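Before any comments, here is the structure.
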Amino acid sequence: MPSDLTRRPLALAAALATGLLFSPSWAPAAAQERVVNVYNWTDYIDPAVLEKFTAETGIRVRYDTFDSLETLEAKLSAGRSGYDVIAPTNEPTFSRLIAAGALMPLDKAKIPSAAGLDPTLMQRLRSSDPDNRHGVIYLWGTIGLGLNVERIRALAPNAPLDSWDLLFKPEHARAIARCGITIMDSQTDVIPSVLRYLGLNQDSTGSDDLRRVEQTLLGIRPHVRSFASGGALEQLATGETCLALTYSGDVIQASARAVEANRGVAVRYVAPKEGAQLWFDVLAIPRDAPNADNAHAFINFVLKPENIAAITNEVRYPNAVPASKPMIDQAITSDPNVYPREEDFERFFTVSGVPQTADRARNRTWARFKAGR
Amino acid sequence: MNGGGGASIASGRLARLVVLALPYLWLLLFFLLPFLIVAKIALSEIAVGIPPYAPILRWTEENVLTVVLNFGSFATLLEDGFYLDAYLRSLRVAGISALLCLLVGYPMAYAIARAPEHRRNLLLLLVVLPFWTSFLLRVMAWIGILQDQGVLNALLLSLGLISEPLRLLYTEGAVYVGIVYCYLPFMVLPLYATLAKLDPVLLEAAADLGARPFRAFLTVTLPLSMPGILAGCMLVFIPAVGEFVIPELLGGPAAQLAGRVLWVEFFQNRDWPMASALAVALLVLLVVPIAAFQRHAARRGRA
């Protein structure tokens with residue numbers, strides 16, 4: 001196929017124009033070489049694990065990354081994405097892909113290492129995938145606040161550091177605004193936390209509740225410096241911002257990077273006391289995956305304790321395989337921000353998918369929030 | 001002999017026909033066909049599945065092929081002021097960008113056209129040189145320049161001109177800087193083409209008739225370079241209306257431009273029909289006035 005294309009410029013141009021060439025199934029492949037096409041978040045793997053997988057199984061990994069769920073979902077929605085393993089977040093993408101029939105049920109017999117998954121965490125994933133048939137937990141985390149404690153203390157000495165008040169109370173936000181507030185540009189990751197902060201149901205679709213969310217957000221809008229797509233890691237690490245609403249692992253990575261850069265920036269993660277949204281990134285297989293067997297082999301390999309431990313050591317997100325814990329860096333397992341204590345779980349909540357019309361209303365609220373009117 | 005001549009005329013005609021047909025074929029393949037696909041999606045209904053819209057051609061239970069068209073997306077587009085607002089804002093940004101490009105590009109093109117002949121090619125090469133690096137990379141570079149700890153602020157701080165960093169990134173000004181920087185060659189090249197063709201004798205004649213240089217520029221050079229100005233403005237204005245990357249990376253969140261609204265419809269609302277309707281509307285609203293303008297210009301050219 002590829003040599004055919006290069007001989008015919010018009011066909012090549014047509015293929016380029018329609019984007020077909022970008023889908024991995026069209027990339028060159030030797031006659032009987034075994035491959036698995038993996039589509040994962042950026043900065044979300046230990047490259048050594050991929051090499052080890054190829055060395056042990058002879059299956060080559062074609063690794064591709066996305067930085068937003070929207071990109072992933074749009075590619076999957078168009079059909080024939082060519083990917084074998086994807087890593088959607090449970091809400092909204094994973095559950096919507098299940099509803100659209102885009103995922104194949106996993107053959108658990110081919111993934112024996114899935115037996116090592118934490119049953120309580122898998123139980124919480126059922127709010128998105130009722131029978132745990134379509135995916136296994138890869139890494140997980142919460143959504144909360146990344147703080148540059150020193151600079152916030154200097155500007156707002158009386159603000160509570162363990163509460164959403166720090167961000168959502170206009171007087172605190174106003175004080176902190178001078179050193180920068182960043183909110184990740186993703187309504188599905190922010191609106192449930194605002195609902196929860198207001199004492200409402202995180203899945204509420206009522207227009208009155210949404211109006212209150214909008215008022216709360218607009219109240220702090222003048223103090224928000226930037227909206228970050230794909231997390232606020234960079235802004236926190238460089239000191240561009242000192243308060244960020246973002247993913248736990250983002251903050252923890254930012255904190256590590258800030259230490260490396262040694263520019264006097266110290267960053268901490270807080271899962272606010274009013275409640276923090278728990279999310280799971282799930283390994284799943286598209287229904288039309290060209291190499292489904294290899295995909296199962298890949299998932300099985302990743303979930304082996306020694307491999308998932310290496311990944312957690314690299315990316316600093318917790319995994320759902322308890323047997324991997326002894327092999328993880330002590331600094332990571334002993335940090336309650338990464339591996340929350342048992343009692344922390346009580347204030348974590350999961351969200352469920354909202355209907356299309358409610359989602360549209362939320363997106364509109366979000367657009368108005370960003371526009372500031 | 002005669003017969004051979006006839007054949008060569010015939011093959012010449014054929015060659016001409018092919019050459020003439022090529023651009024049309026190109027337009028058909030890469031403009032009309034994609035447009036029809038987008039228009040088809042715009043008239044579909046949203047659905048859960050792959051792809052996330054319902055087909056417009058359906059077989060009913062009695063095996064009758066029916067066409068189901070949904071104009072709901074277009075209706076929403078007209079009813080909801082949000083979309084019109086974003087569109088007008090895009091027009092404004094594109095208009096101002098084209099104007100700024102003209103103000104910066106005209107002197108550049110003029111200087112190149114007046115430069116000694118052996119240096120012109122080098123200067124033109126310098127104008128095009130930025131294209132040798134990725135567009136995305138160049139926009140990213142501006143983030144490095146404009147951010148609080150960026151090059152520009154560091155320079156101003158060290159010179160003592162400011163006492164704390166200026167807010168440059170994520171502002172409307174940053175968007176204009178990005179667009180002008182990226183689209184400037186599209187303005188300079190057509191301007192250069194018209195200015196280089198300009199006969200210097202005309203300016204001499206103007207001088208002989210007593211016009212000072214500035215007046216000669218206003219009455220001779222400027223009107224004669226009008227085709228270049230219009231071509232340059234269109235080349236900047238049209239892509240700037242739908243520009244997504246630059247406002248997204250450099251602009252503040254308040255800038256809800258048409259490109260961004262379309263992105264939200266497609267990626268966040270997963271409403272492909274609505275996104276397609278927006279794309280169709282954007283195209284129609286741009287192409288119709290431009291085509292009308294072209295006709296007008298052509299008529300004036302004949303008169």
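Protein chains get the first letters and strands the later ones, always in sequence-line order, with residue 1 at the start of each. The structure presented is a predicted model; accordingly, all values stated were derived computationally and were not measured.
A heavy-atom distance below 4.5 Å is not found between the side chains of Arg360(A) and Arg270(B). Using a 4.5 Å heavy-atom cutoff, the side chains of Glu70(A) and Trp263(B) are in contact. In this structure the side chain of Leu69(A) never reaches within 4.5 angstrom of the side chain of Gln268(B), judged on heavy atoms.
Taken from OH in Tyr170(B) to OG1 in Thr182(A), the straight-line distance is 7.5 Å, to the nearest 0.5 Å. Considering CZ of Arg287(A) and CD1 of Ile50(B), their distance stands at 8.5 Å, rounded to 0.5 Å. The OG atom of Ser77(A) lies 11.0 Å from the OH atom of Tyr53(B); values are rounded to the nearest 0.5 Å.
Proximity to chain B is absent for every atom of Arg362(A), based on heavy atoms less than 4.5 angstrom apart. For Thr238(A), the part lying under 4.5 angstrom from a heavy atom of chain B is the backbone only.
Using a 4.0 Å cut-off between charged side-chain N and carboxylate O, Arg167(B) and Glu240(A) make a salt bridge. No salt bridge links Asp271(B) with Arg364(A); every basic N to acidic carboxylate O contact stays at or beyond 4.0 Å.
Ranked by heavy-atom pairs under 4.5 Å with chain B, the first of Pro92(A), Gly239(A), Ala78(A), Ser186(A) is Ala78(A). The choice from Asp80(B), Val264(B), Leu169(B) that makes the most heavy-atom pairs within less than 4.5 Å of chain A is Asp80(B).
Between Trp272(B) and Ala74(A) the shortest heavy-atom distance is CZ2-O, 4.0 Å. Contact detail for Asp359(A) and Asn269(B): the closest heavy-atom pair is O-OD1, 4.3 Å.
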message = Between Gln235(A) and Gln147(B), is the side chain to side chain contact (heavy atoms under 4.5 Å, CB included) condition met? List the steps.
response = CA-CA 11 Å; Gln235(A) 289 94 323; Gln147(B) 69 185 2; over 6 Å; no
